[in-house]
Amino acid sequence: MNVLVFADSFNGSAVKAAHEAASYGAKIANGGNTSIVTYGEISESSMNELASYGITNILHANGINDMDPARLAKLVEAAANETGAEVVIFSHDYTGKSVAPMLAARMKAGLVTGVIDYPSTDGSFTVKKAVFSGKALAEVKFNTEKKVISLLPNSVGKTKTEASANVTVFNPDLGTSSVTIKEFKAKGGEGILLTEAELVVSAGRGLKGPENWGMIEELAKELGAGTACSRPVSDIGWRPHHEHVGQTGIAIRPNLYIAVGISGAIQHLAGVNGSKVIVVINTDSDAPFFKAADYGIVGDAFTVVPKLIAAVKEFKAAQA
Amino acid sequence: MNILVCISKAPDTTSKITFTDGNTKFNEDGVQFIVNPYDEWYALVRGLELKETLGGKLTIISVGGADYEPILRKALAIGADEAVRIDANPTDSNQVAAELANYAKANNFDLVLLGKETINYNGSQVGGMMAAMMDVAYVSNASKLDVAGTTASIEREKQGGTEVLEAQLPCVISAAKGMAEQRIPNMRGIMAARSKPLNVIAASGAAALTETVSYTLPDAKGAVKLIDPENVAELVNLLHNEAKVI
Ligand SMILES: Cc1cc2nc3c(=O)[nH]c(=O)nc-3n(C[C@H](O)[C@H](O)[C@H](O)COP(=O)(O)OP(=O)(O)OC[C@H]3O[C@@H](n4cnc5c(N)ncnc54)[C@H](O)[C@@H]3O)c2cc1C
């Protein structure tokens with residue numbers, strides 16, 4: 001079947017999750033055409049990289065730079081018509097969450113968001129997603145010919161092929177924008193985007209105060225990890241809001257989540273229980289987080305974390 | 001200003017999640033339901049604040065059965081003026097969005113607010129679908145909202161930063177953390193809520209386009225492997241050689 005993948009970009013390159021979505025789309029197409037629709041400024045090398053996941057065509061709307069979800073939905077709809085796509089794939093990230101529902105409504109297509117695995121296509125087309133904040137999985141069946149899926153990042157990985165794609169400039173008439181972007185305030189710092197991080201170091205109220213985050217940032221830097229925190233920590237302003245993970249913050253599913261001085265309340269776990277491996281460092285051996293952990297150290301963060309930083313440095317030196 | 005806030009019910013965040021009917025239905029037995037936190041804490045409270053400063057009326061709306069009424073009463077106690085329940089037991093977001101959009105279109109709302117997602121299905125679907133069905137602007141995941149005249153000024157979190165933007169009313173906005181602070185209903189509010197209108201209207205019969213065929217619980221985690229705090233290097237070793245994540 002023909003598949004269309006929407007690829008969002010940031011600072012001139014496709015976002016990391018778009019590569020996984022491209023690879024996912026090509027697998028579903030199973031020999032049919034897999035096309036990508038993207039927009040705004042995006043470098044040729046980034047488009048080549050996208051293509052290498054098995055993409056036949058890239059439609060590039062170089063004429064739009066803003067992010068009005070209504071216009072992007074019209075763009076993707078036009079691209080779906082152009083490419084005869086039966087399935088449209090988004091990444092379940094900020095952009096995907098705003099555009100996919102608008103597109104599904106326009107196309108009268110069924111929509112399943114936050115999908116974590118390849119569809120099963122024998123007889124009916126069903127996909128799997130996490131529900132109840134990760135406490136259960138649901139198998140959801142499409143009853144429509146056209147289908148829209150948003151893929152939870154870091155769910156299926158990606159496979160390169162030998163493919164190279166045709167790039168076509170594609171600027172259909174999208175009408176006027178219904179929103180006006182005034183400003184974009186980039187997050188300060190060099191840190192890795194939490195939503196894209198494969199490794200995450202996170203800390204909670206057990207750290208006692210914002211002045212103690214130096215070691216968390218250092219551990220993250222040594223590992224090449226993003227940083228996160230529990231809700232009370234962002235509520236009292238020790239850490240910025242965008243680091244708050246959990247039921248009321250963002251949900252992440254990195255390969256490794258290291259939780260330091262976080263008790264592991266159910267609402268916190270809801271945002272991180274999709275992590276592949278969880279490490280917990282806590283003074284209290286009864287902290288609920290240990291029940292959700294793969295590895296644990298019962299000990300004081302203020303002595304364990306510096307030792308861990310030293311051990312990671314040693315490991316890296318030995319690998320080099 | 002005429003404001004509509006869409007309300008969903010959700011199981012309390014500490015609920016035990018189990019299923020019935022051959023794992024096809026969420027088991028509501030003994031489950032305490034709450035107003036979906038994003039709908040209540042952010043969308044409803046910000047809607048009330050806007051109404052308080054700009055004047056107008058705030059209506060809350062749900063698509064659901066009679067079991068929705070305690071949830072709607074709670075939202076009325078927080079300060080909404082009246083409630084509407086569209087009588088249906090929807091099975092997917094398209095069905096919910098189509099019913100809500102129908103009502104919103106027919107009743108000339110300036111602003112439609114709702115939470116960025118529910119905590120049970122985590123879909124982030126209804127707001128965007130509604131906006132497309134109503135053919136109005138949509139801004140998702142807004143952490144700040146102000147309205148002056150017919151212009152909404154919004155901040156939203158997105159990849160790598162915060163976007164500051166404006167949208168023309170009418171529009172649909174989904175609310176995230178930061179937009180407002182939770183309000184606890186007081187006794188007066190709770191009493192007043194009992195006599196506020198709660199209108200039940202018939203559904204238009206919108207269709208579900210997807211269907212949940214089964215639920216499963218994730219595999220239980222094996223026991224945690226504890227590492228001696230005096231031997232932290234062992235953790236690095238395990239993460240590299242056993243878990244293969246570094
Ligand atoms: C509706 C609702 C939604 C919520 N949503 C979220 C959410 O999205 N995200 C979220 O995180 N929370 C959320 N919460 C709050 C949640 O219930 C917990 O209160 C919160 O996660 C606790 O944060 P914490 O673990 O940092 O702090 P605490 O619970 O205070 O835990 C601190 C931990 O640090 C340990 N500790 C103390 N000193 C040290 C030390 N020196 N070294 C190592 N460990 C130490 C302690 O043993 C303890 O386990 C929500 C709550 C509700 C009711």
Side-chain angles (χ1 to χ4, degrees), chain A residues 10 15 69-70 73 93-94 97-98 101-102 104-106 110-114 126 131-133 135-144 178-187 193 195 223 241-242 247-248 255-256 266-267 277 290 292-299 304 307-308 311-312 315, chain B residues 11 13-14 17 37 93-94 97 119-129 131-133 136-141 157-168 171 177-178 208-218 221 224-227 229 232-233 235-236 238-240 243 245-246:
Chain A
F10 184 63
V15 301
D93 55 16
Y94 292 113
K97 284 178 194 177
S98 58
M102 297 198 88
R106 291 184 66 87
L111 168 67
V112 183
T113 51
T126 58
V131 289
F132 298 99
S133 301
K135 286 184 254 177
L137 301 169
E139 189 98 26
V140 186
K141 179 174 135 211
F142 282 90
N143 289 331
T144 47
S178 54
V179 300
T180 320
I181 314 290
K182 295 283 172 189
E183 189 191 345
F184 180 70
K185 298 191 246 180
K187 263 166 221 160
L193 287 176
T195 43
L223 286 168
H241 281 312
H242 60 79
Q247 188 137 46
T248 45
N255 294 337
L256 173 64
I266 196 151
Q267 299 91 355
V277 173
F290 283 114
D294 299 279
Y295 302 102
I297 297 182
V298 180
V304 173
K307 283 187 195 161
L308 186 53
V312 170
F315 164 76
Chain B
T13 52
T14 55
I17 306 298
S93 302
N94 183 75
I119 61 168
N120 42 355
Y121 296 109
N122 310 107
S124 305
Q125 301 185 358
V126 171
M129 287 178 174
M133 291 165 180
V136 298
Y138 176 51
V139 179
S140 62
N141 210 36
E157 298 301 318
K158 60 175 286 195
Q159 178 111 327
T162 307
E163 197 169 60
V164 183
L165 65 152
E166 285 179 359
Q168 289 308 305
C171 62
K177 183 182 172 178
L209 305 181
T210 62
E211 145 191 7
T212 300
V213 286
S214 72
Y215 290 102
T216 45
L217 295 172
K221 269 246 163 171
V224 56
K225 208 177 246 188
L226 287 179
I227 290 135
V232 174
L235 174 62
V236 176
L238 289 168
L239 291 177
H240 179 62
V245 288
I246 62 171

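By convention in this document, chain letters (A, B, ...) are assigned in the order of the sequence lines, proteins followed by strands, and residues within each chain are numbered from 1.
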Trainee: Which residue out of Glu157(B), Met133(B), Lys225(B) racks up the most heavy-atom pairs below 4.5 Å with chain A?
Mentor: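 Among the listed options, the one with the most contacts to chain A is Lys225(B).
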
Trainee: May I ask you to name which of Ala104(A), Ala70(A), Gly299(A), Ala293(A) has the most heavy-atom pairs under 4.5 Å with chain B?
Mentor: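 Of the options given, most contacts go to Ala293(A).
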
Trainee: Thr180(A) versus chain B, heavy atoms under 4.5 Å apart: side chain, backbone, both or neither?
Mentor: both

Trainee: Side-chain contact, heavy-atom cut-off 4.5 Å: Leu308(A) with Val236(B)?
Mentor: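 Counting from C-beta outward, Leu308(A) and Val236(B) do come under 4.5 Å.
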
Trainee: Search all heavy atoms of Pro101(A) against all heavy atoms of Ser124(B) and return the closest pair with its distance.
Mentor: CG-O, 3.5 Å

Trainee: For the candidates Val139(B), Leu238(B), Leu209(B), Leu165(B), which exhibits the highest count of non-hydrogen atom pairs separated by less than 4.5 Å from chain A?
Mentor: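 Looking at each of Val139(B), Leu238(B), Leu209(B), Leu165(B) in turn, Leu209(B) comes out on top.
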
Trainee: If you tally heavy-atom pairs under 4.5 Å against chain A, which of Val126(B), Leu239(B), Val136(B), Asn94(B) wins?
Mentor: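 With the most close heavy-atom pairs to chain A, the winner is Leu239(B).
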
Trainee: Who wins among Phe10(A), Phe142(A), Phe315(A) for the most heavy-atom pairs under 4.5 Å with chain B?
Mentor: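 Ranked by contacts with chain B, first place is Phe315(A).
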
Trainee: Could you grab the distance from atom CG of Asn255(A) to atom CD1 of Ile246(B), nearest 0.5 Å is fine?
Mentor: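 Taking CG in Asn255(A) and CD1 in Ile246(B), the distance rounds to 11.5 Å.
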
Trainee: Return the CD to CG distance between Gln247(A) and Asn122(B), rounded to the nearest 0.5 Å.
Mentor: 7.5 Å

Trainee: Quick one: list whatever passes salt bridge (charged side-chain N to carboxylate O under 4.0 Å, His left out) with Lys135(A), sequence neighbours left out.
Mentor: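 Residues passing salt bridge (charged side-chain N to carboxylate O under 4.0 Å, His left out) with Lys135(A): none at all.
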
Trainee: Counting only heavy atoms closer than 4.5 Å, note whether Ile266(A) contacts chain B via side chain, backbone, both or neither.
Mentor: side chain

Trainee: Would you name the heavy atoms of Tyr94(A) and Lys158(B) that are closest together and state the gap between them?
Mentor: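 Looking at all heavy atoms of both residues, the closest pair is CD1-C, 3.4 Å.
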
Trainee: Can you tell me which portion of Ala73(A) sits under 4.5 Å from chain B's heavy atoms? Options are side chain, backbone, both or neither.
Mentor: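 Contact with chain B involves no heavy atom of Ala73(A) at all.
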
Trainee: With a 4.5 Å cut-off on side-chain heavy atoms, are Val140(A) and Thr212(B) touching?
Mentor: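 They are in contact (side-chain heavy atoms under 4.5 Å apart), so the answer is yes.
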
Trainee: From Glu183(A) CD over to Glu163(B) CD, what is the distance, rounded to the nearest 0.5 angstrom?
Mentor: 10.5 Å

Trainee: Kindly compute the distance separating NE2 (His242(A)) from NZ (Lys177(B)), expressed to the nearest 0.5 Å.
Mentor: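 The distance works out to 11.5 Å.
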
Trainee: With a 3.5 Å distance limit and no angle check, can you tell me whether Thr113(A) reaches the backbone of Gly123(B) through a side-chain donor-acceptor pair?
Mentor: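 Checked: pair present.
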
Trainee: Taking the side chain as every heavy atom from C-beta outward, state whether Thr216(B) and Glu139(A) have any atom pair closer than 4.5 Å.
Mentor: no

Trainee: Considering only heavy atoms and a distance below 4.5 Å, find which of Ala292(A), Gly296(A), Ala105(A), Gly114(A) pairs most often with chain B.
Mentor: Gly296(A)

Trainee: In terms of heavy-atom pairs under 4.5 Å with chain A, which of Ala208(B), Ser140(B), Ser93(B) leads?
Mentor: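 Among Ala208(B), Ser140(B), Ser93(B), the one with the most close pairs to chain A is Ser140(B).
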
Trainee: Roughly how far, to the nearest 0.5 Å, is the CE atom of Met129(B) from the CZ atom of Arg106(A)?
Mentor: 14.0 Å

Trainee: Need one label for Ile17(B): side chain, backbone, both or neither, based on atoms under 4.5 Å from any heavy atom in chain A.
Mentor: side chain

Trainee: Please determine, among Thr248(A), Thr144(A), Val112(A), the option with the most heavy-atom pairs under 4.5 Å with chain B.
Mentor: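 With the most close heavy-atom pairs to chain B, the winner is Thr248(A).
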
Trainee: As an exercise, state the distance from CG of Leu226(B) to OH of Tyr295(A), rounded to the nearest 0.5 Å.
Mentor: 12.0 Å

Trainee: So which part of Gln267(A) gets closer than 4.5 Å to some heavy atom of chain B, the side chain, the backbone, both or neither?
Mentor: side chain

Trainee: At a heavy-atom distance under 4.5 Å, which candidate from Val224(B), Leu217(B), Val213(B) has the highest pair count against chain A?
Mentor: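 Result: the option with the highest number of such pairs is Val224(B).
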
Trainee: Among Thr14(B), Val164(B), Val232(B), which residue forms the greatest number of heavy-atom pairs with chain A at distances under 4.5 Å?
Mentor: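 Top option by heavy-atom pairs under 4.5 Å: Val164(B).
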
